[in-house]
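Before any comments, here is the structure.
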Amino acid sequence: MSFAHPALLSLLALAAAPAAIHWLVGRWAPVEPWAAMRFLTAVTPARRRSELRDRLVLAVRTLALALAALAAAGPRAVGWGNGAVGPAADDPPALHVVVLDDSLSTARPRGDGTAFAALRRAAFALAEAAAPADRFVLARTAQADPLTGPPRTLGPVGAAEFRRSVAAAESRPAAGDAPAALAAAAAALDAQADRFPAADVALLTDRAAADWDGPAVAAAVERLRAAGRGANPVRWLGPSGAGPPGRAIVLLAASAGDPDPRLDARPRVGAPAELTATVRSFGSRPAGAIAFFVNEQFVGRAPLPATAAEDLAPVETTATLPVRFEAAGPARVEARLEGEPGPPALASRFAVIPVRDRLRVAVAADPALGAAGPAGDPGFYLEQALAADAETFAVERIPFDALPTRDLTGFDAVALAGAPPPDAAAAVRAFLAGGGGAFVALRPTDDPADLRALFAGPLGGVTVGQTVGADDPTDADATGYTFEFEPNAGDGAGAELAARLSEVSGVRGGLIVGFRRLERESTPPAGAWSLRVLARFADESGNLVAPAVLTATGPAGGRAAVLATSADAAWGGPWPVAGASFVPLVRGLTAFAALPPVPAAVTTGAPLTAAFPAGRFAQAVRVQRPDGEERLAAVVDGVARFTQTGEPGFYRIGPESEEAPGAADAPGRWVAVNAPPAEADPRPALLPETAAPQTNTPTAIAEPQSLSAWMWAAALAALLLEPALARGRRPARPTTTAAPAARPTG
């Protein structure tokens, strides 16, 4: 049995009033002595009948008040009157699971308000139509901070608390995660399925997020159907019709027009560069403009043409603006749409553009290598290949024996020709672990024993084998080898670098006749970086022989590139002279080692992370939010994780907090956080078709029936019976005490 108004059950306390009155009257009645009563019998049959009648009247009055209190509370029973009482007869009658889309896209104007206002009204309508005893589960779609953000699921709760939660909800400046919200709703439905005879699922969304029509959502909806009970369908509710027209910036980048690999997206100080913003227009929009800002200073405006689309198929426009960056370092760039309605997070786009100065490269080689003249010095080849592009590289020649005493932090990369001695190798390993870069050009004559000191620590996953090819390149029978670039060289910078190198070097690299074999260890030692193969050697038959180019990127930003080369001091080698690939490869791989990875795009709600090398201790990292507030992110297992990224804008990670001495002067790292393009896309998604949920446990559960009328009838019958019982009662009289009989005298 359940009750429509459980709070009114407190009226049951009034049923004790007749018994209390009866007890108080009997206690306070006056006692008068009456001597004549000593001749009457103390207990007679008539008195026993009178006391029984009094108790019946008291019971009827108590029962009438109890029935009235129960009737006011609205009792309901499942299966009452038809004999089909199910196992859930004592549970609330229905459970309503509501998935509320509160992502950034719902803040767009829609009609007289916003899309989220329409979703809130739909949620209120669900609460109004529900029965008083129904319960609600509320699941949100926006990614929220797990510590300070609103809970992803709430409930089961009553209709009043559900209304309060919906009224207090607002659209969040975060990306939506529809599959996660639907999975949370299905989990809540699974947990409560045995308590409720029926379940109803309502999905409140503006359909603007692209992932609503993805396979993950379809799978989550199917899970909801499998967890449901009864014949109620999964309902899609929310604003109908086409989405609102508007514009959104989906891409912001800078280009320097540099032909060298990995340098195009990094403008150089004082050199001409170009800011590019890609704008998508939905529906008919008038002509507009996009304003560009660098380090919060206005630098120019680019026009946007008008669009006259009959449907919401997007029209992409590219707006460009020529600029010059005045200082090296991370430049904070922002593009703002002018005159577009909606939240500012959808009308702007942020980016952190790394502006580079000339890359400082130290070319280290053994002084003895130059004994045979410049033509036989591989260090000379590396130096000339880099120094030819003086606008990109600033080269300084350093002997191997001077590396341990030099401060390498002033360089962006160290280019090594051959195997350095152990003390120089240790200095290079420390430089790599601290975030620097190293380019290593191996010669066929390098002794693997001499390379053991270099290929340790971060490069511990590289195995250097025997020499392949001819010792004497002038031999007429020498076999030639070519470079074959990997079609799938991993993800991120590795694939990009391989693609750019293949463009400038050709699909087949320059011909060489000898090289030192490179391999990746199947089980690299602890602390070694993961390696990617960018190119392999192939013989004249096209058979791949061994990796030719290996790259590695460390958690603290360090980079390494290893190239097997025939630049040998003993015999010179024809590759630097005749091979067209030598200069592009040296420049591209050195640039890869000298430049840290381009920061990946971060969306609102996504965590920011900062990794620390194994030998660097930190307890916490300071994070500056876009509003200027500073917070701490704890460092766990060498990785700092900050999740409070609900506000789009620029975040600065680092330096370490005061617990790490000597780090207060570090500049930190800027990260731009913005909404993903899907949240800015107002086109309505095609929602998956839904059918009725499956019934997990078929039972003969009838609709709950109200018992209030029966309770009121029973209470009225008790009130009618009470006068008939009370009519035969004798009027109350004082309680008497018989005087003790006097003993006769005489």
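In this chain, residues are counted from 1 in sequence order. All figures in this text were calculated on a predicted structure; none of them were measured in a lab. Just so it is clear, the values below take in all heavy atoms, side chains as well, and ignore hydrogens, waters and symmetry mates.
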**Prompt:** Is a side-chain donor or acceptor of Arg517 paired with a backbone partner of Val545 at a separation under 3.5 angstrom?
**Reply:** yes
**Prompt:** Can you check whether Leu531's main-chain N or O pairs, donor with acceptor, with Arg520's side chain at less than 3.5 Å?
**Reply:** yes
**Request:** Evaluate the criterion side-chain contact (heavy atoms from CB on, under 4.5 Å) for residue pair Leu403 and Leu408; output intermediate values, then yes/no.
**Result:** CA-CA 8 Å; Leu403 282 180; Leu408 299 180; 4.1 Å; yes
**Request:** Measure the spacing between CD1 of Ile653 and CH2 of Trp670 and express it to the nearest 0.5 Å.
**Result:** 11.0 Å
**Request:** Could you pull out the closest heavy-atom pair between Ala277 and Ile249, with the gap in Å?
**Result:** CB-CG2, 4.4 Å
**Candidates Arg360, Arg559, Arg356 - the one meeting side-chain contact (heavy atoms from CB on, under 4.5 Å) with Asp412** = Arg360
**Request:** Report the C-alpha distance between Tyr651 and Val602 in whole Å, list the side-chain angles of each, state the deciding distance to 0.1 Å, and finish with yes or no for side-chain contact (heavy atoms from CB on, under 4.5 Å).
**Result:** CA-CA 10 Å; Tyr651 292 73; Val602 180; over 6 Å; no
**Prompt:** Any donor and acceptor pair, going by atom type alone, linking the side chain of Arg349 with main-chain N or O of Ala675 inside 3.5 Å?
**Reply:** yes
**Leu454 to Leu459 - nearest heavy-atom pair and separation** = O-CB, 4.4 Å
**Asked** Can you tell if the side chain of Val464 reaches within under 4.5 Å of the side chain of Phe455, non-hydrogen atoms only?
**Response** yes
**Request:** Could you tell me whether the side chain of Phe350 reaches within less than 4.5 Å of the side chain of Val673, counting heavy atoms only?
**Result:** no
**Message:** Looking at Glu391, I'd like to know if its CD atom is crowded, meaning that more than 12 non-hydrogen atoms belonging to other residues, nucleotides or ligands lie closer than 6.0 Å.
**Reply:** no
**Complete:** Separation between CH2 (Trp529) and OG1 (Thr553), nearest 0.5 Å, reads 7.5 Å
**Message:** Between Leu182 and Arg223, does the side-chain contact (heavy atoms from CB on, under 4.5 Å) criterion hold? Intermediate values first, please.
**Reply:** CA-CA 8 Å; Leu182 296 177; Arg223 180 181 173 186; over 6 Å; no
**Request:** Measure the spacing between CG of Leu251 and OG1 of Thr318 and express it to the nearest 0.5 Å.
**Result:** 8.5 Å
**Request:** Apply the test side-chain contact (heavy atoms from CB on, under 4.5 Å) to residues Glu334 and Leu252: give CA-CA distance (whole Å), side-chain angles for both, the deciding distance (0.1 Å), then the verdict.
**Result:** CA-CA 8 Å; Glu334 180 182 2; Leu252 176 61; 5.6 Å; no
**Prompt:** Side chains of Val462 and Leu518: closer than 4.5 Å at any heavy-atom pair?
**Reply:** yes
**Request:** Report yes or no: does Arg429 contribute a side-chain atom to a donor-acceptor pair with the main-chain N or O of Ala453 at less than 3.5 Å?
**Result:** yes
**Request:** To the nearest 0.5 angstrom, please state how far the CZ atom of Arg266 sits from the CD1 atom of Ile353.
**Result:** 10.0 Å
**Asked** Just wondering, do Val621 and Phe642 contact through their side chains at under 4.5 Å, heavy atoms?
**Response** no
**Asked** For the atom pair OG1 (Thr604) and CG (Asn674), what is the distance rounded to the nearest 0.5 Å?
**Response** 7.5 Å
**Message:** How long is the straight-line distance from OG1 of Thr645 back to CG of Leu608, given to the nearest 0.5 Å?
**Reply:** 5.5 Å
**Request:** Using a 4.5 Å cut-off on heavy atoms from C-beta on, say whether the side chain of Val468 contacts that of Phe537.
**Result:** no
**Closest heavy-atom pair and its distance - Phe393, Arg587** = CZ-O, 3.7 Å
**Residues in side chain to side chain contact (heavy atoms under 4.5 Å, CB included) contact with Asn543, at least two apart in sequence or another chain** = Asp539, Ser541
**Request:** Only one of Thr590, Leu386, Ile398 passes side-chain contact (heavy atoms from CB on, under 4.5 Å) with Val363; say which it is.
**Result:** Leu386
**Request:** Using modelled atom types only, decide if a donor and an acceptor are shared between the side chain of Glu679 and the backbone of Gly176 within a distance under 3.5 Å.
**Result:** yes
**Prompt:** Do you know which two heavy atoms are closest between Ala220 and Ala183, and how far apart they sit?
**Reply:** CB-N, 4.5 Å
**Item:** Exercise: identify the closest heavy-atom pair between Pro524 and Glu521
**Value:** CD-O, 3.6 Å
**Asked** Do you know which two heavy atoms are closest between Phe325 and Leu275, and how far apart they sit?
**Response** CZ-CD2, 4.1 Å
**Asked** Does the Arg516 side chain pair with the main chain of Gly465, one donor and one acceptor, at a distance under 3.5 Å?
**Response** yes
